[in-house]
S.K.: 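Quick one: this structure, given as structure tokens, is what I'll be asking you about.
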Amino acid sequence: EMSSSKDGMGQGLYTSYGDLIQFYQRKSKECPKGVRLKLQDKVLYFQFEFPGSGKRSSKASGCPFSEEGVIQAISKCWKIREALDNLKTASEFWEWYSDEILKINEIENDLKTDREIFQEIENEYWKGRNKNTKRKRSKDIPNDVATFKGYYKKVFERFQNWDKAPEWEEIKSVLFSWKEGSKTYKDAYIILRKVCNYSHNAKSLVSKITFFSLMLLIIIKPLYSAFFLVHLYYYFPFLFMCDS
């Protein structure tokens, strides 16, 4: 099952866990004075002096430990700094914090993660039928299991962190981890388009992957064709000669 396939921070396509730590260390320097980020057990925390107590303490940020999550957390640090500077009383601050930070976290945590989407796609696969024999698929049939692993799972495993919502840059990177125009590329496109359809921002992601693929067909493929024709003419000019 999907829950055992990935811990969210294993070997990734383009960012290792070490790279993510370096990204966090670099970006966390952008936090405002008095409000910092703290990383503990792969969880991001805000650190600041709590109004009314005078003591510096921590609160979970609610942001995933990913590149996007770090950027979101830094943005919230600046909002917290602004509120600390402008709100007069502790009660005002904590009321603001509840409305502006905690509710934002609730909305963000309500987004479908890659893991949840992959699980939905897997469930859909097992509810379907073998396209050749029309029999219902079964986890007890090795051929059905191998087909799922060879078609879907190899694409899912190219994602670095399964516990965040789908992001266009990662979808694009996964797609181009296969040679453009190959069968695996075409299969990956179909699967990634399905991932886009299941996401919270389906309309935006589907339009991006569709537009991007069309641009490849319109711009890049003709360039390859022109390159091929030039070389063909250079080495085999007689192919372009006409009878007089």
Side-chain angles (χ1 to χ4, degrees), residues 2-3 5-32 35-48 58-83 97 99-121 155-177 188 191-212:
M2 286 294 126
S3 58
S5 299
K6 198 92 166 175
D7 65 4
M9 285 294 169
Q11 291 298 318
L13 172 63
Y14 58 91
T15 305
S16 68
Y17 184 66
D19 291 333
L20 187 56
I21 290 289
Q22 289 182 358
F23 179 83
Y24 161 76
Q25 290 172 339
R26 185 173 72 253
K27 295 296 287 184
S28 62
K29 295 175 183 177
E30 298 176 10
C31 291
V35 184
R36 312 299 294 173
L37 280 182
K38 175 184 176 183
L39 177 64
Q40 184 176 332
D41 299 326
K42 298 181 183 178
V43 178
L44 291 169
Y45 292 86
F46 300 127
Q47 278 194 321
F48 58 96
S58 302
K59 275 193 171 289
S61 70
C63 301
F65 185 47
S66 64
E67 290 186 0
E68 186 180 22
V70 170
I71 292 169
Q72 289 172 352
I74 292 169
S75 174
K76 290 176 185 178
C77 283
W78 281 95
K79 291 179 181 178
I80 292 169
R81 177 70 271 167
E82 186 178 355
Y97 190 92
D99 288 340
E100 297 297 324
I101 302 297
L102 296 183
K103 286 187 179 178
I104 289 172
N105 290 346
E106 287 174 9
I107 292 169
E108 288 174 350
N109 292 336
D110 196 39
L111 303 181
K112 274 188 189 178
T113 64
D114 289 337
R115 187 185 302 277
E116 291 169 326
I117 290 171
F118 298 162
Q119 187 63 62
E120 287 184 34
I121 292 172
V155 176
F156 298 162
E157 288 179 341
R158 297 288 175 110
F159 283 78
Q160 165 68 17
N161 179 3
W162 288 20
D163 296 310
K164 59 170 181 52
E167 299 168 3
W168 167 240
E169 287 303 318
E170 185 168 31
I171 288 169
K172 186 171 68 173
S173 295
V174 170
L175 180 60
F176 279 93
S177 63
I191 294 165
L192 292 170
R193 188 180 168 89
K194 185 175 287 192
V195 170
C196 292
N197 268 311
Y198 274 85
S199 72
H200 70 283
N201 55 339
K203 187 175 180 180
S204 171
L205 289 179
V206 169
S207 65
K208 283 179 180 178
I209 196 169
T210 303
F211 177 78
F212 198 76

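Fair warning: this is a prediction, and the values are worked out from it, not measured in the lab.
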S.K.: Under 6.0 Å from the CD atom of Glu30, do we count more than 12 heavy atoms belonging to anything else shown?
M.R.: yes
S.K.: If you compare all heavy atoms of Arg36 against all heavy atoms of Lys29, which two are closest, and at what distance to 0.1 Å?
M.R.: NH2-CA, 4.0 Å
S.K.: List in chain and number order the residues that pass side chain to side chain contact (heavy atoms under 4.5 Å, CB included) with Val206, two or more places apart in sequence or in another chain; answer none if no residue qualifies.
M.R.: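 Listed in chain order: Arg193, Cys196, Asn197, Thr210.
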S.K.: Does a side-chain heavy-atom distance below 4.5 Å link Tyr45 with Leu37?
M.R.: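 They are not in contact (no side-chain heavy atoms under 4.5 Å apart), so the answer is no.
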S.K.: How long is the straight-line distance from NZ of Lys76 back to OH of Tyr97, given to the nearest 0.5 Å?
M.R.: 8.5 Å
S.K.: Please identify each residue that fulfils ring-ring contact (aromatic ring centres under 6.0 Å, His included) with Trp78, with sequence neighbours left out.
M.R.: none
S.K.: Who are the ring-ring contact (aromatic ring centres under 6.0 Å, His included) partners of Phe48, not counting sequence neighbours?
M.R.: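 For Phe48 the ring-ring contact (aromatic ring centres under 6.0 Å, His included) partners, ignoring immediate neighbours, are Phe50, Phe93.
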S.K.: Before you tell me yes or no, could you show the steps for Phe118 and Thr113 under side chain to side chain contact (heavy atoms under 4.5 Å, CB included), namely the whole-Å CA-CA distance, both residues' side-chain angles and the distance that decides it to 0.1 Å?
M.R.: CA-CA 9 Å; Phe118 298 162; Thr113 64; over 6 Å; no
S.K.: Quick one: list whatever passes side chain to side chain donor-acceptor pair (under 3.5 Å) with Tyr24, sequence neighbours left out.
M.R.: none
S.K.: Short question: side chain of Trp168, backbone of Ser204 - any donor-acceptor pair under 3.5 Å?
M.R.: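 Here the side-chain-to-backbone pair does not exist.
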S.K.: Working to the nearest 0.5 Å, report the span between CD1 of Ile191 and CZ of Arg158.
M.R.: 11.0 Å
S.K.: If I take atom CD1 from residue Ile171 and atom CD1 from residue Ile209, how far apart are they, to the nearest 0.5 angstrom?
M.R.: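 Separation between the atoms: 6.5 Å.
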S.K.: With sequence neighbours excluded, what pairs up with Gln22 under the side chain to side chain contact (heavy atoms under 4.5 Å, CB included) test?
M.R.: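 Checked Gln22 against side chain to side chain contact (heavy atoms under 4.5 Å, CB included); matches are Asp19.
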S.K.: Compare all side-chain heavy atoms of Cys31 with those of Arg81 and state whether any distance is below 4.5 angstrom.
M.R.: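 No - every pair of side-chain heavy atoms lies 4.5 Å or more apart.
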S.K.: Provide the closest heavy-atom pair for Ile71 versus Lys27 in the form atom of the first, atom of the second, distance.
M.R.: CG1-CE, 4.4 Å
S.K.: Counting C-beta onward and ignoring hydrogens, is there a side-chain heavy-atom pair between Glu68 and Glu167 closer than 4.5 Å?
M.R.: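 A side-chain contact exists here, since the closest heavy-atom pair is under 4.5 Å.
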S.K.: If you take all heavy atoms of Val195 and Ile121, which pair is closest and at what distance?
M.R.: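 Nearest pair, atom of Val195 first, then Ile121: CG2-CD1, 3.8 Å.
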S.K.: Between Val174 and Val155, does the side chain to side chain contact (heavy atoms under 4.5 Å, CB included) criterion hold? Intermediate values first, please.
M.R.: CA-CA 7 Å; Val174 170; Val155 176; 4.2 Å; yes
S.K.: Any ion pair linking Lys172 and Glu169 (charged N to carboxylate O, less than 4.0 Å)?
M.R.: yes
S.K.: Do the side chain of Ser61 and the main chain of Leu44 share a donor and acceptor less than 3.5 angstrom apart?
M.R.: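 Indeed, once roles are kept as given, a pair shorter than 3.5 Å links the two residues.
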S.K.: Where do Lys38 and Gln47 come nearest, in terms of heavy atoms and distance?
M.R.: CD-NE2, 3.4 Å
S.K.: Do Ile21 and Phe65 make a side-chain contact, defined as non-hydrogen atoms from C-beta onward lying under 4.5 Å apart?
M.R.: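 In short, these two side chains touch, coming nearer than 4.5 Å.
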S.K.: Could you list the residues that satisfy side chain to side chain donor-acceptor pair (under 3.5 Å) with Gln25, not counting sequence neighbours?
M.R.: none
S.K.: State, to 0.1 Å, how close Leu205 and Pro166 come at their nearest heavy-atom pair, and which atoms those are.
M.R.: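 Answer, listing the atom of Leu205 first, then Pro166: CD1-CB, 4.0 Å.
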S.K.: Could you tell me which non-hydrogen atom of Cys77 sits nearest to which non-hydrogen atom of Phe46, and how far apart they are?
M.R.: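 Shortest heavy-atom separation between Cys77 and Phe46 comes out as SG-CD2, 3.7 Å.
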S.K.: Do Glu170 and Lys164 have side chains that approach each other closer than 4.5 Å (heavy atoms only, starting at C-beta)?
M.R.: yes
